[in-house]
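Step one of this worksheet: look at the structure below.
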Amino acid sequence: MRLLLIFPFIAFLLLLPQLAAGKTRHYKFNIVLQNVTRLCHTKSMVTVNGQYPGPRIVAREGDNLLIKVVNHVKTNISIHWHGIRQLRSGWADGPGYITQCPIRTGQSYVYNYTIVGQRGTLFWHAHFSWLRATVYGPLLILPKRGIPYPFAKPYKEIPIIFGEWFNVDPEAIVSQALRTGAGPNVSDAYTINGLPGPLYNCSGAGDTFRLKVKAGETYLLRLINAALNDELFFSIANHSITVVEADAVYVKPFETDTILINPGQTANVLLKTKPHFPNATFLMAARPYATGLGTFDNSTVAGILEYELPSNYYYSTKKFPLFKPTLPALNDTSFAANYTSKLRSLATAQFPANVPQSVDKRFFFTVGLGTNPCPKNQTCQGPNGTKFAASINNISFPLPATALLQAHFYGQSNGVYTADFPSNPQNPFNYTGTPPNNTRVSNGTKVVTLPFGASVELVLQDTSILGAESHPLHLHGFNFFVVGQGFGNYDPHKDPTKFNLIDPVERNTVGVPSGGWVAIRFLADNPGVWLMHCHFDVHLSWGLRMAWVVLDGKFPNQKLPPPPSDLPKC
Ligand code: C2O
């Protein structure tokens, strides 16, 4: 009898660590100017706490984060926690004029959210104009205490964040480009953890990221592509790596020499070091995968992998040879297709792939470039004297003057947005064939409204207008499953029969193949307003974005709570 009473109590105690709410972690982000020198250019740039890259956030699944952002610079800013689901905390998502008005000079805002059901590598970045060029940093989520990785515990974990360095102020570059209609100037270097490395002119001794490793150990590299406008290949000379996670979701491990990582994507990879001191050092290098017609920065960033000398090593002054990796050709689209097809969800009982098996709402969106006419009394430097634009279903999306989420929450969408974003292209054409003569986009702040809990299938089709190009499409507020991809035009009859509904990769950013299509599915289980856009800032600025409005569900835990009292005003 007594035992019977005690048993449930013990069971309760055993469950306690699982039930215990996560920790609350406080961070303070002071947005300040800081002088930074790279490639012999010193510039004053917008940073968080004077750090470049910005501070690392480390939390655990289940934790509550309270990040107070105080804006001490002249420009407006907002911060986005890229890949965080923000379940019922859309007010903390961060894209300027979508979920909040920007934080003005002298003002502050506390981003308050809980990490639910996610663990892995993500990052945070400014989500206003091109400020994320300098304002970004890792956001690392450890599994709950006592829950191991689905792979052997690594000896050490190293964040590696790729960025883009501009010798001049990136804000000046984008404002000039938007004024003239031309393509913006490209970056002067790529960086690894803020450092360009030895392959650039005028790169100082301290400007190289060095990873010192022990022989015979396994390192977890947490890779993040925070570059503005470039997809990157990355490889380490004479070492292969094992991919174990993409966008903070575990994948079936696979080995590769080179990975492809798009802006907005993250990847965890295991690096097994050589069993014995190799008498050599190794470059790890990244350079772009580029498919568009425009110019791009085709330089190479490198860091150095060096082994600790064994204690019994007879010291010699002899310099060790430096090995360099071979990276795919700049436009190696077949590598890209092959690489992405290897990514599969782990899909185990503990980490299932909850792929929506049926579909409530189907959408077909074209993504690509286009033009806007040149305003009167101006000359423009875009294609044929126009201005460059970019669009989804030929609609280029201007930012409103007030945040969409507020307008939605208070039922004041009038004059802010319209809910008539088309589910399909209004003028179908041969998307990947000879482009039409008329390249003009239409402009509109348009959204799609989804009922709570709708299961959505979305096909993203690249177009050849002004050149086929791979576009890293990012969805806020959700992970999605990449159920299919292919080249040419999507065939709604044949292609769905080949969809993977068992173990497709689950992620938040996917490359729409150059001259091809990709199909994704997600469950609209998060009420709010969610931006979807190309994660090339150049295309984002040209209007390659739209938003989904997910309505409240019936039950209290399916409704978006009211905004926090310090939410910035426009
Ligand atoms: Cu990483 Cu809308 O952004």
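Numbers for residues simply follow the sequence, beginning at 1. First listed ligand is number 1; within each ligand, the first listed atom is number 1.
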Does the plane of the ring in His471 sit parallel, tilted or perpendicular to the ring in His539? Use 30° and 60° as the thresholds.
tilted
Who passes salt bridge (Lys or Arg N to Asp or Glu O under 4.0 Å) against Asp93, sequence neighbours left out?
none
Over 12 foreign heavy atoms within 6.0 Å of NZ, Lys569
no
In terms of ring plane angle, is the pair His127 and His476 parallel, tilted or perpendicular, where the classes change at 30° and 60°?
perpendicular
Could you tell me if Lys387 sits above the aromatic ring of Trp542, with its cationic atom closer than 6.0 Å to the ring centre and no more than 45 degrees from the axis?
no
Please say which of Trp124, Tyr111, Tyr109, Tyr136 ends up in a ring pair (Phe, Tyr, Trp, His ring centres under 6.0 Å) with Phe29.
Trp124
Please report how many protein N/O/S atoms lie under 2.8 Å from atom 2 (Cu) of ligand 1.
3
